[in-house]
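In what follows, a structure is listed as structure tokens, so that the remarks can point back to it.
Below, each value reflects all heavy atoms present in this structure, side chains not excepted, and no hydrogens, waters or symmetry copies.
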Amino acid sequence: MVDNAALTTQPATRLADVYRTLQPGPLTTAKELKAFYTEEINQVRGGDKMQRLKLRLNRAYADRIPFKACVMGHRGVGKSTEISRLLFQVEQQFQPIRFSAVSVLDPGNFKPLDVLLVLMAAVAEQTAQPVAKGGAGKRPSEARLRDIWDWFASEKDTRELAQNAAIALEAGAGVKDDSLWNKVLGLFATLKGEIKFASTRKTEVVEYRLTRLDTLMSVANRLLDECNQLLREQTGKQWLLVGEDFDRAGIPSDRIEELFITYANIFQELRSHLIFTLPIGLYYSAKATRLPFSGDCSFVIPDTPMFDPDHTPRGEGRAAVAKALAARMDLKLFEPEQLQRLIVASGGNLRDLFSLINYAADGASIRGVEQIAGPDADAAIVNLRSDYERRLGQSPYDPDEIRYEDKASLLKQLYEGDKQAQVPTPGLYALLNARSVQEFNGQRWFGVHPLVVDILVAQKQLTAGAAGGTF
């Protein structure tokens, strides 16, 4: 039998194997973390933020006080990988339940209540799993199941669909089971389908449920309390709910703001440990003070600097990225200087670097050679630069008053080190969301992405030969 895990942790020695080893995504297993994670990345970023988060979690575990935190950073900076590292470090105290916003929700149409229902279903179902599979080996009590079933008592259509789903579950198991547990499982199955395709459901159903949010919060908290107790009794652990990908580009900003700003009380009142990944731009907006996570519970994963504030090359940053890449592929697959060019063009972002290298490797393969050369790197950089240029335009998620001229002016001010330009504004929010602006070293200084420096030079916003780009 082929060990698929081994296939993903062996460095590529041929260009034909590069695509297999350079897939973006979190490192979620101990084997992957051991093979691919390098401490140098966090050292050059200004420290390991997960150590502080671990400390706070351990205090919450001892005090049994619900701990809520958010983790932020540009997409591709490694938030999910950092969370994976954290979860391995606290695995003796916490049993995590991870879910992705883009997998379980309808990204463009979900409502705050959907997230609460997803959490309730996940905790109830996982608690019933055997201890060996990360559960407590016991179902929630009849009283808690009755709470859930009765909350939907007035929704005739939902109950009928849930009954049908319960029958389907019975048929699949080959056992006739009229228990309340099976009915609740059918209800959860119905709700998951409805939540995943939220754009098709009736508006009046959503509005009606929102009017009863207070009672659902009480139901959810009683369920969480009991499931947490069952897990502690069997394993000594506590549940830790981790919601990821809420910073994905496909999720409209108004959905995020409705969930974490307008309905922040959901997370404030929920009696459970929670960690969510949020858009970096929200942290720098005027609405950040209304987030349900206090300032010392908001953890930003900085970008890896390719340049210092005065635009001189940052050797440690480039070396740290190169070391992380060396765990995935043989660096001899690059002709001299080409690896450094692609690292700089990535802005230190591993997701972008993988994309650049895969594009360049494809070009080399088409030419029938076994090393990435100048023309291959050129084509990859031009392709990614075009992507960044498109993102600089007017986004449907930008405020109407923000024009490109305003963005270009702000970018130039940031490039020149103007401290006033670093004060959060809608314009800076838009540039952070577009990943045109990066934050470094945990000291809250902003830099313009190297590819965006190229764009500003080409537009003569900056002088020809300006440092800090790829030209």
> Can you list every salt bridge (charged side-chain N to carboxylate O under 4.0 Å, His left out) pair that touches residues 285-301, not counting sequence neighbours?
Replying inline: Arg56-Asp296, Glu257-Lys287
>> So which atom in Pro11 and which in Ala327 form the shortest heavy-atom distance, rounded to 0.1 Å?
In response: CG-O, 3.4 Å
> Can any side-chain N or O of Lys196 pair as donor or acceptor with the backbone N or O of Ser103 at less than 3.5 Å?
Replying inline: yes
> Taking only residues at least two apart or on different chains, which pairs with a member in residues 201-236 satisfy ring-ring contact (aromatic ring centres under 6.0 Å, His included)?
Replying inline: none
>> Could you report the tightest heavy-atom contact between Ala380 and Leu342, atom names first, then the distance?
In response: CB-CD2, 4.4 Å
> Can Leu431 and Leu392 be said to form a side-chain contact (heavy atoms from CB on, under 4.5 Å), step by step?
Replying inline: CA-CA 7 Å; Leu431 292 172; Leu392 270 175; 3.9 Å; yes
>> Would you say Arg248 and Ser100 are linked by a side-chain donor-acceptor pair, where the criterion is simply a distance under 3.5 Å?
In response: no
> When you measure from the side chain of Arg232 to the backbone N and O of Gln238, does any donor-acceptor pair fall under 3.5 Å?
Replying inline: no
>> Between Gln234 and Val131 (side chain of the first, backbone of the second, donor and acceptor by atom type, cut-off under 3.5 Å), is there such a pair?
In response: no
> Can the positive tip of Arg391 be found less than 6.0 Å from the middle of the six-membered ring of Tyr388, inside 45° of the ring normal?
Replying inline: yes
> Quick one: do the Trp239 and Ser272 side chains pair a donor with an acceptor below 3.5 Å?
Replying inline: no
>> Using 0.5 Å steps for rounding, measure from the OG1 atom of Thr215 to the CZ atom of Arg209.
In response: 12.0 Å
>> Side chains of Leu53 and Ile83, heavy atoms from C-beta outward: is any pair under 4.5 Å?
In response: no
>> Please list all pairs meeting ring-ring contact (aromatic ring centres under 6.0 Å, His included) that have one or both residues in residues 52-86, counting only residues at least two apart or in different chains.
In response: Tyr61-Phe94
> Would you say the side-chain atoms of Lys49 pair up with the backbone N or O of Val300, donor to acceptor, closer than 3.5 Å?
Replying inline: yes
> By salt bridge (Lys or Arg N to Asp or Glu O under 4.0 Å), which residues pair with Arg222, not counting sequence neighbours?
Replying inline: Asp147
> Are the side chain of Arg201 and the backbone N or O of Val206 linked by a donor-acceptor pair below 3.5 Å?
Replying inline: no
> Checking Glu32 side chain against Tyr37 main chain: does a donor-acceptor pair fall under 3.5 Å?
Replying inline: no
> So Phe293 and Phe276, would you call those rings parallel, tilted or perpendicular, with 30° and 60° as cut-offs?
Replying inline: tilted
>> Please determine whether the number of non-hydrogen atoms from other residues, nucleotides or ligands lying under 6.0 Å from atom CD of Gln23 exceeds 12.
In response: yes
>> How close do Ile251 and Asp245 get, counting heavy atoms only, and between which atoms?
In response: CD1-O, 3.4 Å
> Is there any salt bridge (charged side-chain N to carboxylate O under 4.0 Å, His left out) pair reaching into residues 346-362, and which pairs are they, with sequence neighbours excluded?
Replying inline: Asp352-Arg435
>> Which heavy atom of His273 sits nearest to which heavy atom of Ala60, and what is that distance?
In response: CE1-CB, 3.9 Å
> How far apart are the C-alpha atoms of Glu207 and Thr203, what are their side-chain angles, what is the distance that settles it, and do they pass the side-chain contact (heavy atoms from CB on, under 4.5 Å) test?
Replying inline: CA-CA 6 Å; Glu207 293 176 347; Thr203 302; 3.4 Å; yes
> Checking Asp114 side chain against Ile195 main chain: does a donor-acceptor pair fall under 3.5 Å?
Replying inline: no
> More than 12 foreign heavy atoms under 6.0 Å from CD of Gln420: is that the case here?
Replying inline: no
>> Under 3.5 Å, is there a donor on one side chain and an acceptor on the other for Gln229 and Glu233?
In response: yes
> Given the rule in the side-chain contact (heavy atoms from CB on, under 4.5 Å) test, do Asn228 and Arg271 qualify, once you have shown the distances and angles that lead to the verdict?
Replying inline: CA-CA 10 Å; Asn228 218 33; Arg271 293 197 292 268; over 6 Å; no
> Are Val437 and Leu410 close enough, and set up right, to give a side-chain contact (heavy atoms from CB on, under 4.5 Å), and what steps lead you there?
Replying inline: CA-CA 10 Å; Val437 171; Leu410 181 55; over 6 Å; no
> Do Lys68 side-chain atoms and Leu270 backbone N/O form a donor-acceptor pair below 3.5 Å?
Replying inline: yes
>> Using side chain to side chain donor-acceptor pair (under 3.5 Å), reason through Thr235 and Gln95 one step at a time and then give a plain yes or no.
In response: CA-CA 9 Å; Thr235 68; Gln95 183 64 48; over 6 Å; no
> Does some side-chain heavy atom of Leu117 sit less than 4.5 Å from a side-chain heavy atom of Phe188?
Replying inline: no
> Could you give all pairs that pass the salt bridge (charged side-chain N to carboxylate O under 4.0 Å, His left out) test and reach residues 74-95, with sequence neighbours left out?
Replying inline: Asp48-Arg85, Lys79-Asp247, Glu82-Arg85
>> So, taking the atom named CD1 in Ile256 and the one named OG1 in Thr262, what distance separates them when rounded to the nearest 0.5 Å?
In response: 11.5 Å
> Side-chain contact, heavy-atom cut-off 4.5 Å: Pro112 with Phe260?
Replying inline: no
> Closest heavy-atom contact between Pro292 and Ala264?
Replying inline: CB-O, 3.6 Å
> Short question: side chain of Arg328, backbone of Leu22 - any donor-acceptor pair under 3.5 Å?
Replying inline: no
> Looking only at heavy atoms, which two atoms of Ala69 and Phe299 are closest? And how far apart?
Replying inline: CB-CE1, 4.1 Å
>> Does Arg212 have more than 12 heavy atoms from other residues, nucleotides or ligands lying within 6.0 Å of its CZ?
In response: yes
> Taking it one step at a time, do Arg403 and Asp406 satisfy salt bridge (charged side-chain N to carboxylate O under 4.0 Å, His left out)?
Replying inline: CA-CA 5 Å; Arg403 304 170 302 163; Asp406 302 321; 3.4 Å; yes
> If we only count heavy atoms from C-beta on, is the Leu57 to Gln93 side-chain gap below 4.5 Å?
Replying inline: no
>> Is the ring pair Phe99/Phe246 parallel, tilted or perpendicular, if the boundaries are 30 and 60 degrees?
In response: perpendicular
>> Looking at Glu269 and Met217, would you say the former's side chain and the latter's main chain have a donor-acceptor pair under 3.5 Å?
In response: no
> Side-chain contact, heavy-atom cut-off 4.5 Å: Ser436 with Lys407?
Replying inline: no
> Does the side chain of Ile266 come within less than 4.5 Å of Val115's, by heavy atoms?
Replying inline: no
>> Using 0.5 Å steps for rounding, measure from the CG atom of Leu86 to the CE atom of Met50.
In response: 6.0 Å
> Atom OG1 of Thr81 and atom CG of Leu33: how far apart are they, to the nearest 0.5 Å?
Replying inline: 7.0 Å
> Are side-chain heavy atoms of Leu113 and Tyr263 found at a separation under 4.5 Å?
Replying inline: no
> CZ/Phe88 to NZ/Lys54 distance, rounded to the nearest 0.5 angstrom?
Replying inline: 13.5 Å
> Do the non-hydrogen side-chain atoms of Asp387 and Leu451 ever get within less than 4.5 Å of each other?
Replying inline: no
> Out of curiosity, Asn221 CG to Glu226 CD, how far, rounded to the nearest 0.5 Å?
Replying inline: 13.0 Å
